[in-house]
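What you see is a predicted model; the values in this text were computed from it and never measured. Just so it is clear: chains get the letters A, B, ... in the order the sequence lines come, proteins before strands, and each one is counted from 1.
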Number of protein chains: 2
Amino acid sequence: MIAGKWKPLILYFLLQGPNRYGALKRAVRCVSDKVLIQQLKELESDGVVLRTDHKEVPPRVDYTLTPLGRSLAEALEPLCIWGVENMDAVARVLADREAWKQGPSG
Amino acid sequence: MIAGKWKPLILYFLLQGPNRYGALKRAVRCVSDKVLIQQLKELESDGVVLRTDHKEVPPRVDYTLTPLGRSLAEALEPLCIWGVENMDAVARVLADREAWKQGPSG
DNA sequence: CAGTATCCATATGGATACTG
DNA sequence: CAGTATCCATATGGATACTG
């Protein structure tokens with residue numbers, strides 16, 4: 001259910017508060033509309049996110065966590081904290097992967 | 001780093017103890033050799049798992065967690081616990097996905 | 001603002017047969 | 001026992017243009 005490049009981040013931001021589509025987009029950053037919508041729809045059909053269309057013009061849509069989604073996001077926190085604490089190691093891994101893409105040589 | 005269908009499970013089992021290739025294979029179950037090896041290699045090159053080839057005949061290879069890997073596995077625990085506690089909801093989601101594959105209709 | 005539509009590359013995982 | 005090799009289908013994400 002959290003498989004998807006941006007899903008943990010989406011859950012994290014929804015747990016913090018901002019919940020309009022545009023806010024999420026700005027929060028996650030460098031994610032295309034297509035992928036963000038796609039992942040939100042999956043989260044919605046998985047029952048962790050609730051989508052509320054206010055049917056206004058201009059459009060206003062809220063995304064909020066369901067109780068299940070909230071508990072999932074909370075279970076995800078230690079992993080996020082780990083990511084922050086081990087940012088150096090994680091960054092090294094990501095850098096290595098980039099280097100490998102440029103010129104594989106071992 | 002934990003993206004990969006079986007990686008969380010692999011880390012979980014390595015945290016519990018069993019560490020020979022065959023033991024992991026039996027533990028994870030229904031994973032093919034190719035995928036298991038592939039994911040173990042990725043975990044190894046990411047610095048979370050250490051591979052020790054005892055160079056014996058018959059072959060004996062140990063996989064153990066590095067300190068980084070151990071901390072990662074521990075950060076993953078709440079998520080595993082969440083999965084167990086919400087097994088019903090998770091199972092429903094998985095069942096729905098199966099049904100959708102068989103005959104998409106909404 | 002909050003999306004949809006289309007096309008595309010790559011990543012990911014699976015099946016099967018084989019091996020020192 | 002602990003892998004390797006090959007072939008293949010699908011999932012996943014990205015780029016770009018468009019819209020009520």
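- A donor and an acceptor atom sit less than 3.5 Å apart, one in the side chain of B:Lys34 and one in the base of C:dG13.
- Residue-level contact check: B:Lys41 touches the backbone only, with heavy atoms under 4.0 Å from sugar-phosphate atoms and none from bases.
- Counting only heavy atoms from C-beta on, A:Pro59 has its side chain closest to C:dC1 among D:dT4, C:dC1, D:dG14.
- The hydrophobic cluster containing B:Leu94 also contains A:Leu72, counting ILVMFWY residues as joined when their side-chain heavy atoms lie under 4.5 angstrom apart, directly or transitively.
- Residue B:Arg97 contributes atom CZ, which lies 11 Å from atom C1' of D:dA11 at whole-angstrom precision.
- Heavy-atom minimum distance, A:Pro8 versus A:Leu76: CA-CD2, 3.9 Å.
- In this structure, D:dG14 and C:dC7 make a Watson-Crick or G-U wobble pair, each of the two defining distances being under 3.5 angstrom.
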### Task
Decide salt bridge (charged side-chain N to carboxylate O under 4.0 Å, His left out) for A:Lys25 and A:Asp33; before the verdict, give the C-alpha distance in whole Å, the side-chain angles of both, and the deciding distance to 0.1 Å.
CA-CA 8 Å; A:Lys25 194 179 153 123; A:Asp33 283 317; 2.8 Å; yes

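- In this structure, NZ of A:Lys5 is placed 9 Å from C1' of D:dG14, rounded to the nearest angstrom.
- Whole-Å rounding puts the B:Lys7 NZ to C:dA11 P distance at 13 Å.
- Nearest-nucleotide positions on DNA chain D place A:Ala3 closer to the 5' end than the other of A:Asp33 and A:Ala3.
- Figure legend. D:dG20 is base-paired to C:dC1; pairs are counted as Watson-Crick or G-U wobble with both atom distances under 3.5 Å.
- In this structure, B:Glu42 atom CD and C:dT12 atom C1' are separated by 9 Å, rounded to whole Å.
- Closest to the side chain of B:Tyr63, out of D:dG14, C:dG3, D:dG3, is D:dG3.
- Distance CG (A:Leu40) to C1' (D:dG13): 15 Å, rounded to an integer number of Å.
- Between A:Arg60 and C:dG3, a side-chain N or O to OP1/OP2 separation shorter than 4.0 Å is absent.
- Checking D:dT4, C:dC1, D:dG14 against every side-chain atom of A:Val35, the shortest atom distance belongs to D:dG14.
- When A:His54, A:Arg20, A:Arg51 are each tested for a side chain to side chain donor-acceptor pair (under 3.5 Å) with A:Asp62, only one passes: A:His54.
- Between the C1' atom of D:dA5 and the CG atom of B:Leu36 lies a distance of 17 Å, rounded to the nearest Å.
- Annotation for A:Pro78 and B:Pro78: closest pair CG-CG, 3.4 Å, computed over non-hydrogen atoms.
- For B:Arg20 and D:dA2, the shortest distance from a side-chain N or O to OP1 or OP2 is below 4.0 Å.
- Comparing D:dT4, D:dA2, C:dC1 by their closest approach to the side chain of B:Ile37 singles out D:dT4.
- Using a 4.0 Å heavy-atom distance criterion, A:Gln39 is classed as a sugar-phosphate-only contact.
- Following rounding to the nearest Å, A:Trp6 (CH2) and D:dG14 (P) show an atom-to-atom distance of 6 Å.
- As rounded to whole Å, 19 Å separates atom C1' of C:dG13 from atom CZ of B:Arg29.
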